[in-house]
Enquirer: 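This is the structure I want to talk about, given as structure tokens.
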Protein chains: 2
Amino acid sequence: MSAHPAPTARTRITIDDVAREAGVSKATVSRVINRRGELMSPELAARVQEAITRLGYAPSPMAQALKRGRSRLIGLVVADVANPFSVAVMQGAERVCRAAGYMLMLYNLAGDEGREREAITALASYQVEGFILHTLGRERQVLDDALQRNKPIVLVDRALDAPLDLVGLDNAQAVPLALDHLLQQGWNELLFVTEPIQSATSREERRAAFTAYTSAQAAQCRGQGVEVPAGDDATLDAALRALLQRAGDDARRPAVLAVNAVVGLRIAAAAKRLGCTLGRELGLVTFDETDWAPLVGPGITTLAQPTDDIGQQAARCLIERLENPGQTTQPRRFRLPARLLARGSSQREG
Amino acid sequence: MSAHPAPTARTRITIDDVAREAGVSKATVSRVINRRGELMSPELAARVQEAITRLGYAPSPMAQALKRGRSRLIGLVVADVANPFSVAVMQGAERVCRAAGYMLMLYNLAGDEGREREAITALASYQVEGFILHTLGRERQVLDDALQRNKPIVLVDRALDAPLDLVGLDNAQAVPLALDHLLQQGWNELLFVTEPIQSATSREERRAAFTAYTSAQAAQCRGQGVEVPAGDDATLDAALRALLQRAGDDARRPAVLAVNAVVGLRIAAAAKRLGCTLGRELGLVTFDETDWAPLVGPGITTLAQPTDDIGQQAARCLIERLENPGQTTQPRRFRLPARLLARGSSQREG
DNA sequence: TTGTAGGCGTTATCAG
DNA sequence: CTGATAACGCCTACAA
């Protein structure tokens, strides 16, 4: 209709506006912004700078991205934001990214691992420069695709056979930490409860460490493992009953190591259903510290993960790769230590 | 150096590649993508379509955004992702946005309301088309700025004097629901505990509703309110002791209504510290349903917010404005009802 | 029905 | 040291 931009919606102020205001060329303005005042007359730089602030100009990341092929965007794929661990990691990662001038683009799988590929494609189409993946990562094809496009990937908490950077918990340290404590407190009929392992390596690692420990210490304890699908409380209750039975038969003391906070909470609920008291008839240690752990039953003993550090480390690791492209360093693996917070659920009681 | 794009990092496939592959012009490809097969020979459309899939082409949102001035991005500012309510809302909103072809850009304030302005500016610079704000929103100036730039805003859970769309809980319905229940169970010395109200209208509304109710029912109960800053357990303990005291003096039964899950958990912790049992010496109802509510103490009675609905509604509301620009409809306010989940913490016991 | 050309806001190359 | 000018990938009048 009208030849000029609609005067109603005041159009965005561009580099041209600044150039005009300062009486210089766009190129000069661009230089002031990027190589701050390098190789140019100070007075001109000052004039431009003033025009910028006067107009309140900010360059358009979109246009910049288009031009340089770099978006300063990082894609974060999360298995489930309802998982407190995911959220905690997210926080650490976001802080680091922002400090380095990157924005985080979040994609939540909401537990539906099938949408993983969709997530990566969507994020990639938005030109994210790299990925932080806290998810299964079974879609090898998509990963290869991302890598071919030269987009670095950092895996959080879940390894993969692919040669990728990884940051997660030191499960080989964490599991003995928990089991030593349980044995010390007199619990000697042990059960490891996890959601279906599938290809989640952290679950896998934890189970492996559990098995290794219990067979090495066979003189002092017995150990079994069970996989309990989400929502399947019948299986869970049955496993717990069997555990109590085994212990009762041989005058042993039964305890559970839960693979994460979600499972830990389910164990607490099951114990309540079965009418057995935590810390008395049943010992419990779970991975992941939470706000509510001290208040459920007699307090739940947890293996606290350094979630914030994990998130930060992941972000740092990725950003380092982004800023040094071409450097094909070997994939790095960061394993951070857990801390044990002993509470009532694992303390021997009168 | 070289005249052609570096062959090493395989460059992104563009609309030109597709055009060449299909032997047509860019314009035709663009048409196929946008007005799907409208006003064009089916065979050509098919040929283009095939080229698109063969090459695995996807248009660059960046370039599209630059051209159309629309980014298909929505900015979500969250007060604190550690708050389960925020996360739950986020989930609902994200689903709706994605279904409508929008991406969510997340900015977490991590409890630092001072960074609100920074959040909005950063998001705005990325050309988000609108905002969902779950935060205090005291930065009037920034809001006005956003509105002037024609960027719609939807407020979640916290009203404002500005004429903005809003979706949140129906506090006037929720509070009596909780208090009726408490009275019915025989609790009649009531205390409303909140974090500092500041300008958070949901806290304000809840307190107002509490006050209105207790003065209307003065014959059957007494009510007071207290603000407890985060981390200040001394104040909390003192308030609780005073409550127990008041009740003891007049042979009344003391109960607390907590403004949200975080405060609720703190009350449970304080009760434990003070050695008084929930549901017996002290009644408790808190806003926000959580996974752990059934397992803390005798189970915590909660006012469950329809978080997912709230998130969805917010997203829908915003998207509707985005797709009907110019339509200066009056600001709308959606108030969704709470449900009461009665548990041990509020049941009269022997 | 299809193609041509101009421009969205930046940056980078190359003259001056 | 500074200023034109050509892309970046896409959309959309306008022309054919």
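All chains are named by letter (A, B, ...) in the order of the sequence lines, taking the proteins before the strands, and each is independently numbered beginning at 1. All values reported here derive from a predicted model rather than from experimental measurement.
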Enquirer: Hey, does the side chain of A:Ser60 come within less than 4.0 Å of C:dG9's phosphate (OP1/OP2), counting only N and O?
Expert: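 A:Ser60 to C:dG9 OP1/OP2: no side-chain N or O under 4.0 Å.
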Enquirer: Consider the side chain of A:Ser41, meaning its heavy atoms from C-beta on, and name the nucleotide among D:dC1, D:dG3, D:dC10 that approaches it most closely.
Expert: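 My answer, after comparing the listed nucleotides, is D:dC1.
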Enquirer: How many whole angstroms separate atom CZ of B:Arg47 from atom P of C:dT1?
Expert: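 My rounded result for the distance is 16 Å.
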Enquirer: To check you understand the geometry: which heavy-atom pair defines the closest contact between A:Asp80 and A:Ala110, and what is its length?
Expert: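 What the structure gives for the nearest pair is OD1-CA, 4.1 Å.
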Enquirer: Between B:Asp16 (CG) and D:dG9 (P), how many Å, whole number?
Expert: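 Taking CG of B:Asp16 and P of D:dG9, I get 8 Å after rounding.
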Enquirer: Between B:Thr28 and B:Ser25, is there a side-chain heavy-atom distance shorter than 4.5 Å?
Expert: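 Yes - at least one pair of side-chain heavy atoms lies under 4.5 Å apart.
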Enquirer: Who are the side-chain contact (heavy atoms from CB on, under 4.5 Å) partners of A:Ser30, not counting sequence neighbours?
Expert: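 Per chain and number, A:Ser30 pairs via side-chain contact (heavy atoms from CB on, under 4.5 Å) with A:Ile15, A:Asn34.
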Enquirer: Can you name the residues that form a side chain to side chain donor-acceptor pair (under 3.5 Å) with A:Asp309, not counting sequence neighbours?
Expert: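 Per chain and number, A:Asp309 pairs via side chain to side chain donor-acceptor pair (under 3.5 Å) with no residue.
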Enquirer: Would you indicate what B:Ala19 reaches in the nucleic acid, counting non-hydrogen atoms under 4.0 angstrom: base, sugar-phosphate, or nothing?
Expert: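 Here B:Ala19 touches no strand at all.
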Enquirer: Using heavy atoms to find the nearest nucleotide of DNA chain C for B:Ala63 and B:Leu44 separately, return the residue whose nucleotide is more 5′.
Expert: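 In this pair, the answer is B:Leu44.
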Enquirer: Could you tell me if the side chain of A:Asn108 sits less than 4.5 Å from the side chain of B:Arg95, heavy atoms only?
Expert: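 B:Arg95 does not reach A:Asn108 side chain to side chain.
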Enquirer: Establish, with yes or no, whether the OP1 or OP2 oxygen of D:dC8 is under 4.0 angstrom from a side-chain nitrogen or oxygen of B:Thr14.
Expert: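 For B:Thr14, the contact criterion (side-chain N or O under 4.0 Å from OP1 or OP2 of D:dC8) is not met.
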Enquirer: How many Å lie between CD1 on B:Ile15 and C1' on D:dC11, as a whole number?
Expert: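 Computing the B:Ile15:CD1 to D:dC11:C1' distance gives 8 Å.
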Enquirer: Anything under 3.5 Å between a protein N or O and an N or O of nucleotides 4-7 of chain C, put it in a table, one pair a line.
Expert:
from	atom 1	to	atom 2	distance (Å)
C:dG6	N2	B:Lys67	NZ	3.4
C:dG7	N2	B:Lys67	NZ	3.1
C:dG7	N3	B:Lys67	NZ	3.4

Enquirer: Ignoring backbone atoms, test whether A:Gln64 places a side-chain nitrogen or oxygen under 4.0 Å from the OP1 or OP2 oxygen of C:dG9.
Expert: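 The answer is no; no side-chain N or O of A:Gln64 sits under 4.0 Å from OP1 or OP2.
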Enquirer: Grab the CE-P distance between B:Met62 and D:dA7 for me, whole Å please.
Expert: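 From B:Met62 CE to D:dA7 P: 23 Å.
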Enquirer: Cation over ring, B:Arg98 on A:Tyr107, under 6.0 Å and within 45°?
Expert: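 Yes, B:Arg98 lies over the aromatic ring of A:Tyr107.
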